[in-house]
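The structure under discussion appears below in the form of structure tokens.
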Amino acid sequence: MAWSTSDIPKLDGRRAIVTGANGGLGLQTALELARRGAHVTLAVRNTGKGADAVRRIEREVPGASLQVETLDLADQSSVRAFAEREDAEGRPLDLLVNNAGIMATPPRVTADGFELQFGTNHLGHFALTGLLLDRLKAADAPRVVTISSVVHKLGAIDFDDLNWQHSYGPWRAYGRSKLANLLFARELQARVDAAGVPLRSLAAHPGYSSTHLQTSGPGMSGGVLGTLNAWGGRVGNALIATKDSYGAQPTLYAATHPEVPGGSFVGPTRLGQTRGPIGVVQSNARGRDMAVASRLFDVSEELTGVRFGLAPVPVAA
């Protein structure tokens, strides 16, 4: 039988952090984790919207165990401050869901000077995971789920121009950030396996799910172009996108399925990975290139200054 959210086991006593949990896939993920008894931290840039999300969850799950914390993934100082607060509490972390993201924005940079999509979607989550690694190691069976996209197929990792200083393209930059998310998930699994750390790292993608991403990022262009881009996103959401409750299912499968192997990529299994039962799916060849994944991991440590303490794994020629 096809997997559904009703198959999520009880999560009483488990702690989860979901980035970008104030809306869309993140909100649906937080809702279902809370429904099964997990304590969920909604890590959000806008705490007012986070508080609204808490009220929405509580209407469906009275007595849910929730908290809101400030996290701006486009600012490495905010990532470090969030992790320092987690460390100060000293509690094990069972699940980290690297969900937040931005899509197809015009040329922008983060507070640290990184191209906005790569800096937010990949480097922000990379640093967050590394800074929370000790909290994860303290849990019995920790998992990290990082959200990628079918659009990873548009991406390529150009180590000579990670910051898009030449010929920027909004969708190609988004594809690169989502490819980086996928490669990070797989490389983290390879390194924790080699180190004997019992952590499962997985990637997931929602197919094409209706969220604010399709309008907010493209709409940032402003003027007529921004209006047209946002309009196109709204039309696509209305005509062909799935509901965000369905789009969150791959994340929840990766986060809770008892038998899904670490290093897997989870998503819809039919119609070009946009519909159908949820399960393990294939990426393109670039999404399986472990030599690039290993180099990207090392470069990301250099760019963020966050060291995981995990040795590279030799890659067969």
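Using bins of under 30°, 30° to 60° and over 60° for the plane-to-plane angle, the ring pair F265/H205 lands in the tilted bin.
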Q | Audit row: F118, F126, ring-ring contact (aromatic ring centres under 6.0 Å, His included) steps and yes/no | A | CA-CA 11 Å; F118 186 75; F126 178 91; 9.8 Å; no
Q: Please test N181 against S148 for side chain to side chain donor-acceptor pair (under 3.5 Å), starting from the C-alpha separation and ending with a verdict.
A: CA-CA 6 Å; N181 286 148; S148 182; 5.6 Å; no
Q: Take L71 and V79 through the test side-chain contact (heavy atoms from CB on, under 4.5 Å) and record every step on the way to the result.
A: CA-CA 6 Å; L71 173 65; V79 175; 4.0 Å; yes
Q | Stepwise side chain to side chain donor-acceptor pair (under 3.5 Å) test for T256 and R36 | A | CA-CA 11 Å; T256 66; R36 302 305 294 165; over 6 Å; no
(Q) With side-chain contact (heavy atoms from CB on, under 4.5 Å) as the criterion, how do L31 and E60 come out once you've worked through the C-alpha distance, each side chain's angles and the decisive distance to 0.1 Å? (A) CA-CA 8 Å; L31 168 64; E60 290 200 41; 3.9 Å; yes
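Residue N98 forms a side chain to side chain contact (heavy atoms under 4.5 Å, CB included) with just one option from T129, V145, V18, and that option is T129.
Heavy-atom contacts from other residues, nucleotides or ligands closer than 6.0 Å to NZ of K153 number more than 12. Within a 6.0 Å radius of CG in D12, more than 12 heavy atoms belonging to other residues, nucleotides or ligands are found.
Linking ILVMFWY side-chain heavy atoms closer than 4.5 Å, directly or via other members, places V292 and V299 in a single hydrophobic cluster. Cluster membership check: L202 does not share its hydrophobic cluster with L296, using side-chain heavy-atom separations under 4.5 Å among Ile, Leu, Val, Met, Phe, Trp and Tyr. L188 is connected to L136 through a chain of hydrophobic side-chain contacts under 4.5 Å among Ile, Leu, Val, Met, Phe, Trp and Tyr, so both are in one cluster. V197 and L128 fall within a single hydrophobic cluster, where Ile, Leu, Val, Met, Phe, Trp and Tyr are joined by side-chain heavy atoms under 4.5 Å apart, directly or via other members. Under a hydrophobic clustering in which Ile, Leu, Val, Met, Phe, Trp and Tyr are joined whenever their side-chain heavy atoms come within less than 4.5 Å, directly or via other members, L252 and Y246 fall into the same cluster.
D52 and R55 are joined by a salt bridge, as a carboxylate oxygen and a charged side-chain nitrogen come within less than 4.0 angstrom of each other.
In terms of modelled atom types and a separation under 3.5 Å, the side chain of R135 and the main chain of R91 share a donor-acceptor contact. Between the side chain of D244 and the main chain of L25, no donor-acceptor pair closer than 3.5 Å is present. Using modelled atom types, one side-chain atom of Q189 and one backbone atom of L199 make a donor-acceptor pair closer than 3.5 Å. Between the Q273 side chain and the Q282 main chain, a donor and an acceptor come within less than 3.5 Å of each other. T110 contributes a side-chain N or O that, together with a main-chain N or O of D112, makes up a donor-acceptor pair within less than 3.5 Å. In terms of modelled atom types and a separation under 3.5 Å, the side chain of S201 and the main chain of A185 share a donor-acceptor contact. In this structure, the side chain of R56 does not engage the main chain of G23 through any donor-acceptor pair within 3.5 Å. Remark: side-chain polar atoms of Q249 are not paired, donor with acceptor, to backbone N or O of S4 under 3.5 angstrom. Checked by atom type and distance alone, the side chain of N163 pairs as donor or acceptor with a backbone atom of E115 at under 3.5 Å.
In this structure, a donor-acceptor pair under 3.5 Å is present between the side chains of H125 and T19. The closest side-chain donor-acceptor pair between N121 and S177 falls under 3.5 angstrom. For N99 and T251, the side-chain atoms include no donor-acceptor pair closer than 3.5 Å. R35 and T5 share no side-chain donor-acceptor pair at under 3.5 Å.
To the nearest 0.5 angstrom, L123 atom CG is 11.0 Å from L116 atom CG.
Between P268 and P250, the shortest heavy-atom contact is CD-CG, 4.0 Å. Contact record, S65 with H39: OG-ND1, 2.5 Å, taken as the closest heavy-atom pair. Across all non-hydrogen atoms, the minimal contact from R15 to D94 is N-OD2, 2.8 Å. The shortest non-hydrogen separation linking T120 to A74 is OG1-CB, 3.5 Å. Of all non-hydrogen atoms in S300 and T304, the two that sit nearest each other are O-OG1, 2.8 Å. Nearest heavy-atom pair, Q117 versus A173, reported as atom, atom and distance to 0.1 Å: NE2-CB, 3.6 Å.
For R191 and F308, the positive end is not near the middle of the six-membered ring at less than 6.0 Å and at most 45° from its axis.
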